Peer 1: 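Sharing a structure below in structure tokens format, with a few things to ask.
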Amino acid sequence: MNASPRIHLLAVLFLTACATSRRPIQVTQPTQVKVQRSRGRDVPKVGMRWYSDFWRAIAEGNLEVAWIIADSRDERRFVDVLEVMLSGNSVGAESAITPLLASSDSMVRRGARVTYGALLSANGHWGRLASFADSLTDSTARVLRDDAGVERWASTFRNIETRAVFVDTLTVLPLTRSATGVPVVPVVLNGVTKRFWLDTGSSITIVSSATAIDCKMMPLESDTLQLLTAVGRLPARPAVAHSVRVGGLQLTDAPAMIVDASALRMRGGDATAPEEKIDGVVGFDVIRALDITIDDVRSRVVIRRPVPVESKVPHNLSWYGVPIVTAVSEKGSVLHLALDTGAEETFGTLSLVVKTGAHWAPAERRRIRGFGGTAVERGLVIPSVRLFLGKVPLALQRVFLYDAQYPTIFVIDGTLGADLGRGAVLRIDMTNGRLQVSPQ
């Protein structure tokens, strides 16, 4: 809802930069995220930011202020729902949001419907999600029926019932990295062991067409849907994996998408490096059910059965169409960052500059890599900026800026990519809403 102003301002910044610097910075090294040692006295205090507009406060994730300035009971109830949802109580949020689906306030009604769709998809309620999307006739329907959205896939998976069982409470797997730095682990698909990416940025598990043949996995139908990638949209066919084993988690009849093997190839380094095939991707639909530690120092992945824990420490990991990490800038501004372990690198949006006050400059580099193709890149870069994940400082260098779009009502200030866990230990525990990272 705030895309156009951000695009316009980005263009203004770029033109200003070009006017003051004829030659952009030539970036020859990748973005770096260095996890630093924690010193409690360094952690900035979070400052209160006031908004005069309710929906702007919602977009910025400032729910406390949004509740205060709300003009109606329905707006306050919507804030209450978001707080419950972001705390990890999806069942409570689903129950509380139902009355708002027919709110007389069109903005609340739209926000409630998008939120309800996100809740159903997160919990794998494909049948209910399909029926919900089918019942809509207004503008919300266009949002929920995008060919690259999980709501659009729901009609295909509506009769699928996935069963999940932990056969081992703790499993240690060998960790390798793809050519672009993404964590890779062994996964047993229909009895055949393959190497899959761990990709929190993918909302569903992906299987290459070559892997599907090896594992005797057939598309459910001939219709082709889409996946969103770093360089556009990628054709995909819905399928069901009859058996998936990730560590100690055993899934039966798990939804997946089959993508042509020619598109699931990646080249690391320069253009002369050999292409690397990708067997498949473990998406966030599976990762969210795990307590997973990516230990880059010991080259291992530890997968535990998650155990709910009572804690007074606020959640810093939530989900709304995408896993969202809460961090703090040195100025005390709250930041919302997407967590995408399948992204080659961490990047920012324009709001990261605004909230951190970081310096920026025009820059160029040869290309970026992603599923389905490559692109030459020229734009803006933050040379360095420091953020805090809880008490842990993160030093970011050479952060490129994009006007990225996400399936969420919140403004996302950037994305934490696969480089977050390099040379460190990264723990993702969605059950308890915690992302932890520690240097080694």
Side-chain angles (χ1 to χ4, degrees), residues 121 124 126 148 150 152-168 171-180 182-229 234-266 274-290 292 294 300-301 303 341-342 370-372:
S121 64
W126 298 108
V150 291
R152 173 65 178 82
W153 310 336
S155 60
T156 299
F157 297 130
R158 68 192 313 159
N159 296 320
I160 302 301
E161 293 187 14
T162 303
R163 295 178 294 281
V165 176
F166 276 90
V167 296
D168 289 312
T171 309
V172 179
L173 302 176
L175 168 67
T176 56
R177 294 274 180 175
S178 73
T180 55
V182 177
V184 180
V185 297
V187 170
V188 182
L189 176 62
N190 291 346
V192 181
T193 300
K194 294 290 184 178
R195 296 174 65 249
F196 275 43
W197 283 17
L198 290 175
D199 186 358
T200 58
S202 174
S203 57
I204 196 168
T205 295
I206 300 172
V207 177
S208 81
S209 56
T211 296
I213 293 173
D214 289 345
C215 300
K216 297 180 173 57
M217 185 175 170
M218 300 294 294
L220 286 175
E221 56 185 45
S222 57
D223 285 352
T224 299
L225 301 180
Q226 296 176 343
L227 294 170
L228 289 176
T229 77
L234 195 63
R237 290 173 294 169
V240 171
H242 296 300
S243 175
V244 181
R245 175 77 178 268
V246 184
L249 178 63
Q250 178 70 50
L251 298 167
T252 304
D253 294 338
M257 286 289 182
I258 297 176
V259 172
D260 192 275
S262 63
L264 286 186
R265 292 181 178 275
M266 200 70 66
E275 284 191 327
E276 173 188 353
K277 73 172 185 176
I278 301 166
D279 293 337
V281 172
V282 179
F284 200 64
D285 58 332
V286 175
I287 295 174
R288 68 178 298 123
L290 306 172
I292 184 168
I294 303 172
R300 67 180 187 177
V301 172
I303 295 178
T341 57
F371 290 164

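Throughout, numbering of the chain's residues begins at 1 and tracks the sequence. Since we're looking at a predicted model, the values are computed, not measured. Below, each value reflects all heavy atoms present in this structure, side chains not excepted, and no hydrogens, waters or symmetry copies.
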Peer 1: Provide the closest heavy-atom pair for R300 versus L175 in the form atom of the first, atom of the second, distance.
Peer 2: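 Heavy-atom minimum between the residues: N-CB, 3.4 Å.
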Peer 1: For S202, which residues count as a side-chain contact (heavy atoms from CB on, under 4.5 Å) partner, sequence neighbours excluded?
Peer 2: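 Testing S202 for side-chain contact (heavy atoms from CB on, under 4.5 Å), a comparison that skips the adjacent residues, returns D199, I206, V281.
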Peer 1: Between P235 and D260, is there a side-chain heavy-atom distance shorter than 4.5 Å?
Peer 2: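 No. Closest side-chain heavy atoms not under 4.5 Å.
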Peer 1: To the nearest 0.5 Å, how far apart are CG in D285 and OG1 in T162?
Peer 2: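 Here the interatomic distance stands at 8.5 Å.
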Peer 1: Do K194 and P186 have side-chain heavy atoms sitting under 4.5 Å apart?
Peer 2: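 No - every pair of side-chain heavy atoms lies 4.5 Å or more apart.
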Peer 1: What distance do S203 atom OG and I287 atom CD1 have between them, rounded to the nearest 0.5 Å?
Peer 2: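 One finds 11.5 Å between OG of S203 and CD1 of I287.
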Peer 1: From I160 CD1 over to T252 OG1, what is the distance, rounded to the nearest 0.5 angstrom?
Peer 2: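 Rounded to the nearest 0.5 Å, the CD1-OG1 separation comes to 12.0 Å.
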Peer 1: With rounding to the nearest 0.5 angstrom, report the CG to OG1 distance, D279 to T211.
Peer 2: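 Answer rounded to 0.5 Å: 4.0 Å.
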Peer 1: With a cut-off of 6.0 Å (strictly less than), are more than 12 heavy atoms of other residues, nucleotides or ligands near CZ of R195?
Peer 2: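 Result for CZ/R195: open.
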Peer 1: To the closest 0.5 Å, what do you measure between CE (M257) and CG (L220)?
Peer 2: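 Between M257 CE and L220 CG, I get 9.0 Å after rounding to 0.5 Å.
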Peer 1: With sequence neighbours excluded, tell me which residues meet salt bridge (charged side-chain N to carboxylate O under 4.0 Å, His left out) with R158.
Peer 2: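 Result, salt bridge (charged side-chain N to carboxylate O under 4.0 Å, His left out) vs R158: D134.
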Peer 1: Mind checking the CG-CE spacing from L189 to M217? Nearest 0.5 Å is all I need.
Peer 2: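 Between L189 CG and M217 CE, I get 6.0 Å after rounding to 0.5 Å.
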Peer 1: Tell me which one of V286, I292, V182, V184 satisfies side-chain contact (heavy atoms from CB on, under 4.5 Å) with L198.
Peer 2: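 Among V286, I292, V182, V184, the one meeting side-chain contact (heavy atoms from CB on, under 4.5 Å) with L198 is I292.
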Peer 1: Taking only residues two or more places apart in sequence or in another chain, which ones pass ring-ring contact (aromatic ring centres under 6.0 Å, His included) with F196?
Peer 2: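 Expected list: none.
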Peer 1: Which heavy atom in I258 sits nearest to a heavy atom in A212, and how many Å separate them?
Peer 2: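 Looking at all heavy atoms of both residues, the shortest contact is CD1-CB, 3.8 Å.
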Peer 1: Could you tell me whether the side chain of I303 reaches within less than 4.5 Å of the side chain of V246, counting heavy atoms only?
Peer 2: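 SC-SC contact between V246 and I303 confirmed.
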Peer 1: Any non-hydrogen side-chain atom of F157 less than 4.5 Å from a side-chain atom of D253?
Peer 2: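 Heavy-atom side-chain distance check fails, nothing below 4.5 Å.
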